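Written below as structure tokens is the structure these notes are about.
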Protein chains: 2
Amino acid sequence: MARADYPEPVVELIAELKRLPGIGPRSAERVAVWLLQNPKSNAAELAEATLKAKHEVDSCDVCGFFSSHGRCPVCSDEHRDASELCVVEQATDVLPLERSGVFKGYYHCMGGKLSPLDNVTPENLRITPLIKRVEANPGVEVILALGADVEGEATANYLAEVLSTRECRVTRIAQGLPAGGGLDHADELTLMRALQGRRQIEH
Amino acid sequence: MARADYPEPVVELIAELKRLPGIGPRSAERVAVWLLQNPKSNAAELAEATLKAKHEVDSCDVCGFFSSHGRCPVCSDEHRDASELCVVEQATDVLPLERSGVFKGYYHCMGGKLSPLDNVTPENLRITPLIKRVEANPGVEVILALGADVEGEATANYLAEVLSTRECRVTRIAQGLPAGGGLDHADELTLMRALQGRRQIEH
């Protein structure tokens with residue numbers, strides 16, 4: 001007597017779902033069964049949305065953000081402030097900045113951060129397109145909005161070095177205490193950065 | 001200036017992913033971006049596996065477990081013990097029992113449990129097919145392997161009542177301390193059931 005298992009197509013679906021990030025074997029099984037059994041599920045719509053997104057969505061040639069037809073919505077918006085260019089690591093970093101609503105300029109996604117251990121060297125990042133954009137827009141402020149980890153720091157330093165010979169102003173977003181965070185929860189490095197970045201209170 | 005968001009196909013994909021059980025807005029976004037950007041992802045394979053499973057997988061006419069062509073692998077296995085029929089709530093309950101490897105008989109999935117608050121009455125469960133199977137196999141042991149919650153109890157009591165006039169033996173799986181669980185973590189009801197179900201140690 002063989003132990004019964006799910007039919008082959010279900011086993012295959014579970015295997016595909018398990019490869020998704022953050023989905024373990026249990027969740028994969030739960031999602032697969034839900035797709036097959038729940039009357040509210042629409043497996044066909046999920047499959048179609050997946051294929052459609054994969055086919056239609058591309059990277060913007062200019063900034064590297066997601067775009068569905070040619071230029072991305074940011075680069076094709078002429079009402080933005082061309083004097084500010086915000087450099088981020090990944091296309092996904094654009095969204096939190098957009099949602100905050102505080103930045104009105106354009107973006108440049110590097111496509112990663114320098115990480116010699118993972119074989120990510122300057123050649124793997126979109127540095128040449130960045131230099132071209134800066135040269136085409138003299139006097140622009142390049143705001144480095146990279147992560148506050150070691151690789152983010154290294155990338156910021158490298159970019160600052162490369163851009164130092166170009167006609168632009170390079171700034172970097174502040175590091176310090178996160179909103180809502182108390183001193184008791186902050187680590188030493190965060191406190192050090194917060195102290196280093198202290199500013200005069202204007203009266 | 002409009003705040004930029006993901007292109008429409010990505011928004012749609014995120015919406016579809018968010019409907020899956022256990023997937024919140026953050027995970028949906030993460031999975032969508034992974035499907036689009038990760039070189040190891042294969043969106044087409046996921047879409048295909050979803051459609052294939054949905055098209056090919058059905059319920060076994062006999063027991064209600066998953067089947068891909070007619071009868072399920074359990075019901076078409078003639079080497080099983082026909083003297084034992086294990087009644088479970090859902091098709092998914094068969095797998096843990098199969099994986100434990102201790103049960104050699106056949107199954108019957110009720111398709112739910114009695115729950116008047118959710119409008120699940122005896123008519124919504126696969127009770128008539130169960131009675132037919134019992135009548136076709138006189139003397140069978142019907143093992144009620146239903147959940148240890150209120151609805152599971154109610155369903156077990158109802159089934160025991162219905163089957164009492166048929167030629168069969170009705171048993172119920174034990175309730176008690178879970179494997180690896182200490183007394184200090186067990187709730188009062190579990191301890192009560194564990195005490196009630198105590199058995200003589202054989203010498």
Side-chain angles (χ1 to χ4, degrees), chain A residues 1-10 12-13 15-17 19-23 27 29-38 40-57 65-69 72-74 77 79-80 90-92 94-95 98-99 101 104 107, chain B residues 1-10 12-13 15-17 19-23 27 29-38 40-57 65-69 72-74 77 79-80 90-92 94-95 98-99 101 104 107:
Chain A
M1 178 201 107
R3 291 190 194 173
D5 201 346
Y6 289 112
E8 196 51 34
V10 184
E12 276 166 31
L13 176 57
E16 283 296 329
L17 288 168
R19 300 176 58 209
L20 300 176
I23 311 272
S27 327
E29 200 175 320
R30 197 158 140 236
V31 168
V33 168
W34 185 86
L35 279 171
L36 294 176
Q37 295 206 315
N38 197 298
K40 277 181 286 181
S41 88
N42 196 328
E45 276 177 19
L46 172 62
E48 200 195 328
T50 307
L51 290 176
K52 196 177 160 200
K54 190 77 176 180
H55 285 149
E56 295 189 4
V57 178
F65 183 57
F66 298 103
S67 69
S68 58
H69 300 100
C72 76
V74 178
D77 184 348
H79 300 293
R80 285 182 169 255
Q90 300 288 354
T92 44
V94 170
L95 270 299
E98 281 297 297
R99 283 169 192 160
K104 314 286 187 197
Y107 295 95
Chain B
M1 179 199 106
R3 291 191 194 170
D5 202 346
Y6 290 112
E8 196 52 33
V10 185
E12 275 165 32
L13 176 57
E16 283 296 329
L17 289 167
R19 300 175 58 208
L20 300 176
I23 312 273
S27 329
E29 200 174 320
R30 197 158 140 235
V31 168
V33 168
W34 185 87
L35 280 170
L36 294 176
Q37 294 206 314
N38 197 296
K40 277 183 286 182
S41 88
N42 197 328
E45 276 177 19
L46 172 63
E48 200 195 329
T50 307
L51 290 176
K52 196 175 161 202
K54 190 76 177 183
H55 285 150
E56 294 189 6
V57 178
F65 183 57
F66 298 102
S67 69
S68 59
H69 300 100
C72 77
V74 179
D77 184 348
H79 300 293
R80 285 181 169 255
Q90 300 287 354
T92 45
V94 169
L95 272 297
E98 281 296 299
R99 282 169 194 162
K104 315 284 186 197
Y107 294 94

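Just so it is clear, the values below take in all heavy atoms, side chains as well, and ignore hydrogens, waters and symmetry mates. Bear in mind that the values here come from a model prediction, so they are computed numbers and not experimental data. Letters go in sequence order (proteins before strands), and every chain restarts at 1.
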Quick check on [X] against chain B: is it the side chain, the backbone, both or neither that has a heavy atom closer than 4.5 Å?
X	answer
Val57(A)	side chain
Ser27(A)	neither
Leu20(A)	both
Glu56(A)	side chain
Phe65(A)	side chain
Ala91(A)	side chain
Glu29(A)	side chain

Open item on the list: Is Leu13(B) in contact with chain A via its backbone, its side chain, both, or neither, using a 4.5 Å heavy-atom distance?
Closed with: both

Open item on the list: With rounding to the nearest 0.5 angstrom, report the CG to CG distance, Leu35(A) to Asn42(A).
Closed with: 9.5 Å

Open item on the list: Looking at chain A, which one of Ile23(B), Leu17(B), Thr92(B), Asp5(B) has the largest number of heavy-atom pairs inside 4.5 Å, strictly under?
Closed with: Asp5(B)

Task: Minimal non-hydrogen separation, Pro73(B) against Phe66(B), with atom names - done: CD-O, 4.0 Å

- [ ] Compare every heavy atom of Val31(A) with every heavy atom of Pro21(B), then report the nearest pair and how far apart it is.
- [x] O-CG2, 3.8 Å

Open item on the list: Does Val33(B) form a side chain to side chain contact (heavy atoms under 4.5 Å, CB included) with Tyr6(B)? I'd like the steps, not just the answer.
Closed with: CA-CA 10 Å; Val33(B) 168; Tyr6(B) 290 112; 3.8 Å; yes

- [ ] State whether Lys54(A) and Glu45(B) are salt-bridged, where the test is any N-O pair (Lys NZ or Arg NE/NH1/NH2 against Asp/Glu carboxylate O) under 4.0 Å.
- [x] no

- [ ] Would you mind telling me which of Ala32(A), Cys72(A), Ala49(A), Ser68(A) has the largest number of heavy-atom pairs within less than 4.5 Å of chain B?
- [x] Ala49(A)

Task: Partner chain B: residue of His55(A), Glu8(A), Lys52(A), Glu48(A) with the largest heavy-atom pair count (under 4.5 Å) - done: Lys52(A)

